[in-house]
Structure formats: C-alpha cells, structure tokens
Amino acid sequence: MQTQAPRSVAEAEAIQDELRPLLDLTGPGPRRPSLVAGVDVAYAGDRLAAAVAVLDGGTLEVVEQVTVGAPVAFDYVPGLLAFRELPALLDALGRLTVTPDLIVCDGYGLAHPRRFGLACHLGVLTGLPAIGVGKTAFVGSYAEPGPERGSASDLTLDGEVVGRVLRTRDGVKPVFVSVGHRVDLDTACHNVLALTPSYRLPETTRVADRLSRRALAGL
DNA sequence: GCGACAG
DNA sequence: ATCTTGTCGC
C-alpha cells in the first residue's frame, strides 16, 4: 500500500514523474487552519529520527508530538530528498491521533527539478494540504526581496513562478516557500507569516526540529 | 565537459 | 544533515 523504496536514482525519478499528475494545485487551501503539523528529520550516522509536531493554528501551542526512529535507507541526492525522509515521516504522521489541516515541510515542493519536491510527495501520499519552506536556495532564480518582514519576490524556474522568496523577519535572510499539495502560493505564504511571529522559521518546523534532535539523542 | 545542488 | 568557538546584539 506504500511506495516501495527505489533501488536507483532512475527508479526514484520515475516514481516522482508517476506521482506528479496526482498533485492538486487548484488551491486555495486553509487560510485559518486549526491544526498545523511541522515535520523534520535529524540524522546521526546511519540512523535518523523523524518528528511531527502539531500546533494550534491560532495560538501556536503544541497539541501533539510524535517521533519515529529508523535506519537511513537512501543516500542524499539533490532532488530525491523525499526518499530519505518520507518513510519515517509517513510512519510518524500515521501515529497522530489528530488530523492536521496543513503540513509544513522542511524543504521544497513545486520548486523542484521535476516539480515534485518533498512537500508535494508528502501531500500526495497523505492527501493533506502541504507546503514547503526551505532555508537555502535550491532551484530557480529570484531577486532579493525588500528588507522588511512580509516582502517577497518570485522564485522562477524555466520561465514559470514555482515559489516565493519571503522575508519573515526584518533584515533577516528570507525563506523559500513553494506549494506542495492542495494549497496555492498566496495561501502558503500567508500561513508562513502566521507561523513566524518571532523567528525566521515557522514555529512548526522549530518545534519539529528540536523534537527530532532530542529523539536522536535518546530523550 | 565542469560545477551546483532542499536536508 | 553534521562537524564546531567565539562573538555580536537584544
């Protein structure tokens, strides 16, 4: 019932091309989600820990947390990050007792060489609205957004807008937002700003990040 | 052909 | 991702 682990790069790319048609890019997606899930993965040698943190979309308080440990089963290859993190993340998401209205991923969605980054993959497999928030540039070109929080510029790839470079804090390096599944770009950015009242990264990913590291450390 | 390259 | 000290600033 699950996509089996690919044995090669070519096989992994073929899976992405096969799943891409299942993407729902009609939006708009939740503008006031009551539950938002943040996902992240931490590594240590040949082991990894996946974490899911569900926050109240209004208060940003943590509602539920889940972590899952597993062996690393796929080497990191730019463009194929999902095959490294997806299995454990799906496992963790499956153990939630609540269903989030939106999933915020660490990384990219549509802004991807084959238009099928981690956020798209996770969205399609779970059927839930998902967006990607990357910390560094990956694909596409862009102009530096204005210095104030809320400023943004288009992330363009092959002549099309695949994401947005968004400043979440005054004078701080911007983040790279792209759509994953069942959410449009405006709604994605709106949610990212709502999730970043004090820091550069969404509270969801900050909580998931801490959680995954502590799980690795054995706490 | 040679680099660059989410995490 | 991870390996790592000190340092600037609120």
Side-chain angles (χ1 to χ4, degrees), chain A residues 5-6 9 12-13 15-16 19-20 23 37-53 67-90 92-93 103-125 130-142 147 149 155-158 162-166 168-181 185 188-189 192 196-202 204-218:
Chain A
V9 167
E13 294 179 340
I15 290 175
Q16 295 182 323
L19 295 176
R20 190 180 46 232
L23 272 181
V39 300
D40 195 22
V41 178
Y43 300 84
D46 54 1
R47 298 283 304 172
L48 64 77
V52 177
T67 59
V68 166
V72 173
F74 201 89
D75 286 328
Y76 172 69
V77 177
L80 300 180
L81 175 66
F83 295 97
R84 233 169 120 72
E85 316 200 324
L86 216 53
L89 287 176
L90 288 173
L93 284 166
I103 297 177
V104 179
C105 302
D106 235 61
Y108 288 64
L110 253 197
H112 176 277
R114 282 170 301 286
R115 305 295 193 282
F116 201 72
L118 174 64
C120 298
H121 208 144
L122 200 50
V124 166
L125 266 47
I131 64 174
V133 180
K135 299 182 285 294
T136 62
F138 177 36
V139 292
S141 53
Y142 61 94
R149 163 180 160 86
L155 180 59
T156 305
L157 182 60
D158 299 323
V162 294
R164 201 169 286 165
V165 182
L166 177 67
T168 55
R169 284 198 72 189
D170 290 0
V172 168
K173 193 209 244 244
V175 297
F176 300 76
V177 181
S178 59
V179 157
H181 185 58
L185 193 50
C189 289
V192 170
T196 52
S198 334
Y199 297 94
R200 177 189 175 228
L201 299 178
T204 37
T205 89
R206 298 186 74 244
V207 176
D209 181 80
R210 286 178 245 152
L211 192 57
S212 62
R213 301 195 194 204
R214 280 161 195 180
L216 255 194

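Using a distance-only test at 3.5 Å, with no hydrogens or angles considered, a donor-acceptor pair links the side chain of H112(A) to the main chain of G79(A). A donor-acceptor pair is defined here as one N or O able to donate and one able to accept, closer than 3.5 Å; such a pair exists between the side chain of R200(A) and the backbone of K173(A).
A salt bridge between R213(A) and D40(A) is absent, with no side-chain N of the basic residue lying under 4.0 Å from a carboxylate O of the acidic one.
More than 12 heavy atoms of other residues, nucleotides or ligands shown are found within 6.0 angstrom of OH on Y76(A).
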Where protein sits on nucleotides 1-7 of chain B, one letter per nucleotide: B base, S sugar-phosphate only, - none, heavy atoms under 4.0 Å: ----BBB
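Counting any heavy atom pair closer than 4.0 Å across all strands shown, A42(A) reaches sugar-phosphate atoms only and no base atom.
Between F83(A) and F74(A), the angle of the ring planes lies from 30° to 60°, which puts this pair in the tilted group.
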